[in-house]
Undergrad: 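Starting off with a structure, shown below.
To find a chain, count down the sequence lines: A is the first, B the second, and so on, and within it residues start at 1. For clarity, every value in this text was computed on a predicted model and none was experimentally measured.
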2 protein chains.
Amino acid sequence: MDTQSAYLERLRPLGAKRSGKRDLIVDVFLKQDGHLSADELFDLIREQDQKISRATVYRALHWMVGAGVARKVDFGDGRSRFEHSYQHPRHFHLICKLCNRSFEFLSSDIEVLVEEVASARGFETRQSVLQIYGTCDDCQAGRSVQRTVAATELLFARDALRMAIATERSGLEFYSRGAELVDDPQARTVFQRLAAEEREHLTTLEKRFEQLLLEDSDLESYPTFLFFKGAADGLFASGTDRLAKVADDREALMLGIRCERGSYRFFKRYGERFEDSEGKRIFLEFAAEEREHLRLLIGEYRKLVGRSKAADGSSSPEAEVAG
Amino acid sequence: MDTQSAYLERLRPLGAKRSGKRDLIVDVFLKQDGHLSADELFDLIREQDQKISRATVYRALHWMVGAGVARKVDFGDGRSRFEHSYQHPRHFHLICKLCNRSFEFLSSDIEVLVEEVASARGFETRQSVLQIYGTCDDCQAGRSVQRTVAATELLFARDALRMAIATERSGLEFYSRGAELVDDPQARTVFQRLAAEEREHLTTLEKRFEQLLLEDSDLESYPTFLFFKGAADGLFASGTDRLAKVADDREALMLGIRCERGSYRFFKRYGERFEDSEGKRIFLEFAAEEREHLRLLIGEYRKLVGRSKAADGSSSPEAEVAG
DNA sequence: CTAGGTGCAAATAATTTGCAGAGGC
DNA sequence: GCCTCTGCAAATTATTTGCACCTAG
């Protein structure tokens with residue numbers, strides 16, 4: 001966590017003056033996981049410095065919220081709670097009313113819908129908070145096991161990797177199949193090359209996943225953190241299905257372009273939304289790879305259309321590629 | 001609002017004793033629209049009865065929340081706010097941080113996703129709260145017009161009717177087109193009959209909509225309250241497109257069945273989710289109509305398959321109809 | 001030097017509670 | 001008669017503020 005100080009440095013201009021006290025408070029706060037009430041944070045601070053007053057803690061929290069370091073969340077139990085934004089994408093909460101534990105998750109699907117609703121009203125969103133109150137499975141089963149939960153950062157990275165791997169797999173299948181089906185030798189070469197790349201990336205991603213597991217061997221067993229309904233894996237999968245039905249090589253390439261473009265936009269868009277974190281990096285790196293593939297495919301598509309001028313013009317080829 | 005007392009009566013057993021004071025508080029509370037803080041409610045109560053104390057209001061609110069008459073919502077401004085559950089489906093909020101107004105909406109799409117996430121965790125949901133903080137369009141534009149907003153009840157009814165009407169319209173188009181395309185005379189009769197029914201229902205619904213407008217002539221101008229992304233109107237519309245491509249009458253009927261079933265499930269499912277209200281009734285009544293259509297279509301389908309035993313078996317007809 | 005940060009104590013603000021009496025069942 | 005509701009006032013809890021002082025830029 002050495003980027004942390006750099007991160008804070010970036011924020012300074014917003015907040016004016018630096019001070020030892022505030023630094024301490026911010027520091028202690030960022031080291032914590034989960035949701036702290038002002039009072040809990042105060043107690044923690046007091047362990048380090050007996051002389052810091054409650055008011056200072058409140059003021060520091062207020063500053064952090066303003067500077068975007070922290071978010072204020074309300075669990076309905078009277079006092080406010082705070083959580084970091086640092087390496088911690090905004091997320092939603094499942095709150096168990098029995099054991100008072102809270103579980104986090106992230107759903108890009110929901111975020112998209114929220115955006116749609118807001119824009120339908122001309123509303124400019126700054127923050128959205130979703131809390132689902134109810135009973136957790138442990139409490140329902142009578143278990144009172146205080147299951148330790150991995151850091152959100154790890155879960156996020158895990159889910160981002162899972163998604164990337166799933167996409168890579170179905171991409172691999174798509175291109176392998178495509179290489180078999182395509183007639184044009186150059187198009188086939190491109191499909192084969194892309195298949196090879198997917199295979200290579202897949203290996204890389206799987207290694208990265210294994211490395212992640214080293215940090216917490218139970219990582220795979222924790223529940224999903226990042227929900228993506230029609231995540232990219234569906235894109236290529238349905239693409240592969242449709243591949244069997246394409247009329248010619250041009251259509252096959254176009255299908256590839258559509259899949260890659262969907263996948264690229266998807267990973268880029270979400271990668272951009274998150275705060276600095278391993279998960280964000282995974283998303284963005286993956287998006288960059290998809291962009292390369294996309295470029296390759298589009299180039300090949302243009303060449304193919306050039307070669308066979310007798311394009312049937314059924315679906316305005318150039319326009320589609322341009323998008 | 002005469003069902004109101006009956007409604008409260010139903011709740012009594014949960015809450016023990018009836019009392020004039022509490023009745024007054026509940027009464028005043030239910031008459032209000034929007035989100036009241038305890039204090040605002042207290043002021044309103046005081047207009048009726050100078051001697052009621054703040055504590056009593058708090059206690060009554062606490063009771064109401066427990067009894068399910070009210071919900072507690074937190075807008076992050078320090079004090080809690082309360083809103084009815086009565087004739088007021090749970091909903092989400094857009095909260096403008098500048099003018100402090102809040103706008104409600106309902107999104108079944110989001111609710112579905114929330115349910116999915118919760119069940120993926122084995123979490124039993126009791127309530128979900130979604131708050132979107134930001135800046136409303138009025139504040140963005142510098143307008144400070146305190147636009148009056150219609151009662152949620154009305155907006156909900158309006159949107160339910162809009163949805164029903166849209167579905168009815170595309171259903172009408174579907175069956176009209178179907179009647180032209182179908183070969184089998186009996187199948188044609190069914191399509192014609194359904195088209196006629198849709199036309200009739202459409203008229204009824206449109207009248208109902210006009211009546212609703214009498215209650216608030218600006219009703220149409222208020223922003224959408226109920227968001228339904230792939231609302232039923234999309235179902236029949238895409239059905240009509242596909243109608244041109246069906247191979248035979250059996251497929252045409254099957255397409256109708258699929259559309260009706262989708263529509264039926266849709267309206268039923270959501271109708272069931274809401275608290276007693278005009279909107280709920282609209283949903284459920286509409287669902288009942290769709291069920292009738294569905295029954296008719298399935299009957300016709302079975303007859304047709306019986307007539308032409310030479311079914312190609314391409315899509316396990318009976319099984320599909322059964323679902 | 002000066003704006004902002006800090007501690008302390010006092011002030012608010014929202015909500016809860018103890019207690020004695022009133023009222024429904 | 002018992003149990004719950006009610007008013008009042010006092011208590012509690014979370015958070016903010018005034019003020020005098022301190023410190024980084």
Undergrad: Hey, does the side chain of B:Ser37 come within less than 4.0 Å of C:dA14's phosphate (OP1/OP2), counting only N and O?
TA: no
Undergrad: B:Ile45 CD1 to D:dC5 P: how many Å, rounded?
TA: 16 Å
Undergrad: Looking at C:dG7, D:dT6, D:dT17, which one has an atom nearest to any side-chain atom of B:Arg22?
TA: D:dT6
Undergrad: Choosing from D:dG7, D:dA14, D:dT17, which nucleotide comes nearest the side chain of A:Tyr58?
TA: D:dA14
Undergrad: Of A:Ser53 and B:Ser80, whose nearest nucleotide on DNA chain C comes first from the 5' end?
TA: A:Ser53
Undergrad: Indicate yes or no: at least one non-hydrogen side-chain atom of B:Glu47 is less than 4.5 angstrom from one of B:Leu44.
TA: yes
Undergrad: When the distance from CG of A:Leu61 to P of C:dT6 is rounded to whole Å, what number comes out?
TA: 12 Å
Undergrad: Just checking A:Lys21: does its NZ atom have more than 12 heavy atoms from other residues, nucleotides or ligands closer to it than 6.0 angstrom?
TA: yes
Undergrad: Does D:dC5 have OP1 or OP2 sitting under 4.0 Å from an N or O in the side chain of B:Thr56?
TA: no
Undergrad: For the residue pair B:Phe123 and A:Phe103, categorise the inter-ring angle as parallel (less than 30°), tilted (30 to 60°) or perpendicular (more than 60°).
TA: perpendicular
Undergrad: Rounding to an integer number of Å, can you tell me how far B:Lys72 NZ sits from C:dT16 C1'?
TA: 11 Å
Undergrad: Please tell me if B:Lys21 has a side-chain N or O lying less than 4.0 Å from either OP1 or OP2 of D:dG7.
TA: yes
Undergrad: For the pair made of CZ in A:Arg54 and P in C:dA11, what is the distance, rounded to whole Å?
TA: 18 Å
Undergrad: Can you measure A:Trp63 atom CH2 to D:dT15 atom P for me and round it to whole angstrom units?
TA: 19 Å
Undergrad: So for B:Arg59 and D:dG7, does any side-chain atom that can act as donor or acceptor lie under 3.5 Å from a complementary atom in the base?
TA: yes
Undergrad: Kindly assign one of parallel, tilted or perpendicular to the pair A:His93 and A:His35, based on the angle between their ring planes and the thresholds 30° and 60°.
TA: perpendicular
Undergrad: A:Asp74 CG to C:dT15 P: how many Å, rounded?
TA: 11 Å
Undergrad: Name the one of A:Arg46, A:Arg54, A:Arg81 that satisfies salt bridge (charged side-chain N to carboxylate O under 4.0 Å, His left out) with A:Asp39?
TA: A:Arg54
Undergrad: Please report the distance, rounded to the nearest Å, between NE2 in B:His62 and P in C:dT17.
TA: 9 Å
Undergrad: Out of D:dA9, C:dT15, D:dT16, which has the shortest distance to the side chain of B:Arg79?
TA: C:dT15
